[in-house]
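The block underneath contains the structure these notes are about, expressed in structure tokens.
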Amino acid sequence: MRALSIIPLLAGLAACVPMSDSNETMLTGTVTYRERIALPPDSRLIVTISDVSLMDAPSVTIAQNQITTAGQQVPISFAVSYDRARIQPGRSYAVSARILDKKGQLAWITDTRNPLPPPGQSIELWLVQARR
């Protein structure tokens, strides 16, 4: 009898716990480049998921993550959380990356189109050195 009186209390507490957003998906991957050039310790990696469907218009950012490299060298792992509800059938989505130096100057960038993989699949992004 005593256990039955706890059930309404537990049900009330469960209603107060926020439910996780089932539309959130995590894209994981790595960025790397071929050259044997060390990154400065204060570099910043920016990985972006964009809607690139319209040719004559700027891309629309779906999600982005910025990571301070803190002395880490390539390959560098990343994760970007995005809302699957923003991914619409029939549209084109791409993943891009760039590395900025401490002054915010572009040092490395993806130079090819990298389609957004299906949920659960990771991606490897190859960067090229930016010309200055």
Side-chain angles (χ1 to χ4, degrees):
M1 185 76 154
R2 189 173 190 170
L4 291 177
S5 64
I6 295 177
I7 292 174
L9 175 64
L10 293 176
L13 288 174
C16 295
V17 176
M19 300 299 286
S20 65
D21 186 355
S22 62
N23 282 334
E24 282 296 307
T25 299
M26 189 70 66
L27 171 66
T28 59
T30 58
V31 296
T32 193
Y33 50 80
R34 296 186 200 289
E35 293 82 351
R36 294 181 183 253
I37 301 172
L39 286 173
D42 47 9
S43 298
R44 195 166 31 119
L45 167 64
I46 302 170
V47 180
T48 306
I49 300 171
S50 303
D51 180 343
V52 294
S53 301
L54 302 175
M55 292 177 138
D56 295 338
S59 63
V60 175
T61 299
I62 301 297
Q64 188 175 75
N65 191 13
Q66 296 189 33
I67 301 165
T68 301
T69 60
Q72 184 179 2
Q73 300 300 315
V74 297
I76 300 172
S77 297
F78 67 85
V80 180
S81 177
Y82 67 97
D83 183 359
R84 275 190 315 215
R86 294 194 64 192
I87 307 301
Q88 300 172 13
R91 297 190 68 85
S92 296
Y93 299 91
V95 183
S96 61
R98 61 188 184 272
I99 297 176
L100 307 177
D101 64 18
K102 71 177 180 179
K103 295 179 183 175
Q105 298 294 314
L106 182 63
W108 300 89
I109 190 165
T110 49
D111 70 341
T112 57
R113 187 174 181 278
N114 299 281
L116 176 65
Q121 285 188 10
S122 63
I123 190 169
E124 183 177 30
L125 300 173
W126 284 88
L127 307 178
V128 296
Q129 193 169 23
R131 298 177 193 250
R132 294 185 186 213

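A chain of hydrophobic side-chain contacts below 4.5 Å, direct or via other Ile, Leu, Val, Met, Phe, Trp or Tyr residues, connects Val128 to Leu106. Linking Ile, Leu, Val, Met, Phe, Trp and Tyr whenever their side-chain heavy atoms come within less than 4.5 Å puts Leu45 and Ile123 in one cluster. Ile87 and Leu54 are assigned to two separate hydrophobic clusters, defined by single-linkage of ILVMFWY side chains at heavy-atom distances under 4.5 Å. Cluster membership for Val95 and Val52, using ILVMFWY side-chain heavy atoms within less than 4.5 angstrom, is not shared. Both Ile109 and Ile46 are members of a single hydrophobic cluster when ILVMFWY side chains are connected at heavy-atom separations under 4.5 Å.
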| request: Could you walk me through whether Glu24 and Asp83 pass the side chain to side chain contact (heavy atoms under 4.5 Å, CB included) test, one step at a time? | output: CA-CA 5 Å; Glu24 282 296 307; Asp83 183 359; 3.9 Å; yes

| From CA spacing to verdict: side chain to side chain contact (heavy atoms under 4.5 Å, CB included), Arg86, Asp51 | CA-CA 9 Å; Arg86 294 194 64 192; Asp51 180 343; over 6 Å; no

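Across Ser77 and Ile67, no two heavy atoms sit closer than the pair O-CD1, 4.1 Å. When every heavy atom of Thr28 is checked against every heavy atom of Ala79, the shortest pair comes out as CG2-CB, 4.2 Å. Residues Pro119 and Tyr82 come closest through the heavy atom pair CG-OH, 4.1 Å. For Ile37 against Gln73, the heavy-atom pair with the smallest separation is O-OE1, 4.3 Å. Nearest heavy-atom pair across Met26 and Ser81 is SD-N, 3.7 Å. In this structure, Thr69 and Pro40 approach most closely via the heavy-atom pair OG1-O, 3.7 Å.
With rounding to the nearest 0.5 angstrom, the CG atom of Leu125 is 7.0 Å from the OG1 atom of Thr30. Between the CG atom in Asn65 and the CD1 atom in Ile49 there is a gap of 9.5 Å [rounded to 0.5 Å]. Remark: Leu127 CG to Glu35 CD distance equals 9.5 Å, nearest 0.5 Å. Thr68 contributes atom OG1, which lies 9.0 Å from atom CG of Asp42 (distance to the nearest 0.5 angstrom). Annotation: the span from Thr110 atom OG1 to Trp126 atom CH2 amounts to 13.5 Å, rounded to 0.5 Å. Taking CG from Leu116 and CD from Gln121, the interatomic distance works out to 10.0 Å, rounded to the nearest 0.5 Å.
Residue Arg113 qualifies as enclosed at atom CZ: its count of foreign heavy atoms under 6.0 Å is above 12.
Looking at Trp108 and Leu39, their side chains come closer than 4.5 Å, going by heavy atoms from C-beta outward. Between Arg91 and Val60, the closest side-chain pair of non-hydrogen atoms is not below 4.5 Å.
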